[in-house]
Number of protein chains: 2
Amino acid sequence: MSLAQIRYFVAVAEEGNVGRAADRLHIAQPPVSRQIQALEAEIGTPLFVRTPRGMRLLPSGEAFLHRARRILNALEEATAAARAAGLTSAEVERGTVASRRG
Amino acid sequence: MSLAQIRYFVAVAEEGNVGRAADRLHIAQPPVSRQIQALEAEIGTPLFVRTPRGMRLLPSGEAFLHRARRILNALEEATAAARAAGLTSAEVERGTVASRRG
DNA sequence: CGACTTTACGGGTCGCGTAAGTATA
DNA sequence: TATACTTACGCGACCCGTAAAGTCG
């Protein structure tokens, strides 16, 4: 499983359709379709039902969607937190935090 | 950023040393070292201080470590939840849930 | 000089894009 | 026959492992 697969999954779940998800992700449809298949294969159960109108979430997909969003949010938060702590340390090393005059 | 990078980071943070982290991950040292560098480059700040004795977490690294663990836990939980919901649906479709006579 | 991290280099794998195929209403 | 998902195929990028180099007490 990769973060790309998780992002693709969320896009498809929210758009209800591989084509629009691909547009939103700025990539072609086939990679999205393939990665969704790989994700379902790894989890061991389908996440969508395929209809001629698009992709509809199964209960397994709904369950995964909530957690997928949490993972992506946690990822952004982790990056932001580390970056903020890093900047703070850099400021401390230059003695520019206590007074905030820098 | 990739899940592999996050896993490598946690291993290095917990082992305090690239070599032991690599052993634990069952891969060679150089990939671990490279991925940690790539992670730091992407975040934009160092996460460790390098000493001749190993790698020591900076405040930014501590901040990232907590979130990294949460991400990996959320990932496992997401897989388990989807798998469980999928099995339940499969049982429902075969009519084997209500009575549990398998 | 010993332990650890980093750089160099070659090979295999993975993922994307284009093009063609399949299916349903 | 229009719309949407899927398979086929070729190519570039990424990642790993081995080997060599750099660094600090």
Side-chain angles (χ1 to χ4, degrees), chain A residues 1-58 60-62 64-65 68 71-72 75 79 86 93, chain B residues 1-58 60-62 64-65 68 71-72 75 79 82 86:
Chain A
M1 185 162 338
S2 69
L3 291 171
Q5 286 173 344
I6 296 174
R7 292 195 185 96
Y8 294 4
F9 167 83
V10 171
V12 171
E14 292 182 353
E15 299 293 339
N17 159 319
V18 174
R20 271 194 302 274
D23 288 345
R24 169 170 148 185
L25 294 164
H26 302 107
I27 63 175
Q29 294 86 343
V32 178
S33 182
R34 285 190 296 247
Q35 293 302 321
I36 296 296
Q37 289 179 66
L39 181 61
E40 292 175 319
E42 181 171 351
I43 292 177
T45 192
L47 302 172
F48 295 98
V49 284
R50 275 73 169 170
T51 79
R53 301 289 300 274
M55 313 275 278
R56 190 129 128 210
L57 280 175
L58 288 169
S60 54
E62 296 275 9
F64 193 77
L65 178 58
I71 291 169
L72 297 181
L75 185 71
T79 302
E93 283 165 19
Chain B
M1 187 166 332
S2 70
L3 291 171
Q5 286 173 345
I6 296 174
R7 292 194 185 95
Y8 294 4
F9 167 82
V10 171
V12 171
E14 291 181 353
E15 299 293 340
N17 147 329
V18 173
R20 272 196 301 275
D23 288 346
R24 167 171 150 185
L25 294 164
H26 302 107
I27 63 175
Q29 295 86 341
V32 179
S33 182
R34 284 188 296 248
Q35 293 302 322
I36 296 295
Q37 289 178 66
L39 182 61
E40 292 175 320
E42 181 172 350
I43 292 177
T45 192
L47 301 173
F48 295 97
V49 284
R50 275 76 170 169
T51 80
R53 301 289 299 275
M55 313 273 281
R56 189 129 130 212
L57 280 175
L58 289 170
S60 54
E62 296 275 10
F64 194 76
L65 178 58
I71 291 168
L72 297 181
L75 186 70
T79 302

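What you see is a predicted model, and the numbers here were worked out from it, not measured in a lab.
- Residue B/Q37 has no polar side-chain atom (N or O) positioned under 4.0 Å from OP1 or OP2 of C/dT5.
- Atom-to-atom, CG of A/L25 to P of C/dC16 comes out at 10 Å; the value is rounded to the nearest Å.
- Atom CE in A/M55 sits about 15 Å away from atom C1' in C/dT24, given to the nearest Å.
- Separating the CD1 atom of A/I36 from the C1' atom of D/dA4 is a distance of 15 Å, rounded to the nearest angstrom.
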- Begin from the C-alpha positions of A/V49 and A/M55 and carry the test side chain to side chain contact (heavy atoms under 4.5 Å, CB included) through to its verdict. CA-CA 6 Å; A/V49 284; A/M55 313 275 278; over 6 Å; no
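- We find that CZ of A/F48 is positioned 10 Å from P of D/dC5, with the value rounded to whole Å.
- The CD atom of B/Q35 lies 11.5 Å from the CD1 atom of B/I6; values are rounded to the nearest 0.5 Å.
- Under the 4.0 Å criterion applied to side-chain N and carboxylate O atoms, B/E40 and B/R50 are assigned as salt-bridge partners.
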- Once base and sugar-phosphate atoms are separated, protein heavy atoms under 4.0 Å mark nucleotides 12-25 of chain D, 5' to 3', with B, S and - as ---SBBBB----S-
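- Ring geometry for B/F64 against B/F9 counts as perpendicular: the plane angle is over 60°, on a 0 to 90° scale with 30° as the lower cut.
- Residue B/F48 is tested with B/I36, B/L58, B/V18 for a side-chain contact (heavy atoms from CB on, under 4.5 Å); the sole match is B/I36.
- A/R50 has a side-chain polar atom (N or O) that falls below the 4.0 Å cut-off from OP1 or OP2 of D/dT6.
- Expressed to the nearest 0.5 Å, how far CG of B/L72 lies from CZ of B/R7 amounts to 6.0 Å.
- Between B/R20 atom CZ and C/dC4 atom C1' there is a gap of 11 Å when expressed in whole angstrom units.
- The side chain of A/S33 places an N or O atom within less than 4.0 Å of a non-bridging phosphate oxygen (OP1 or OP2) of D/dT6.
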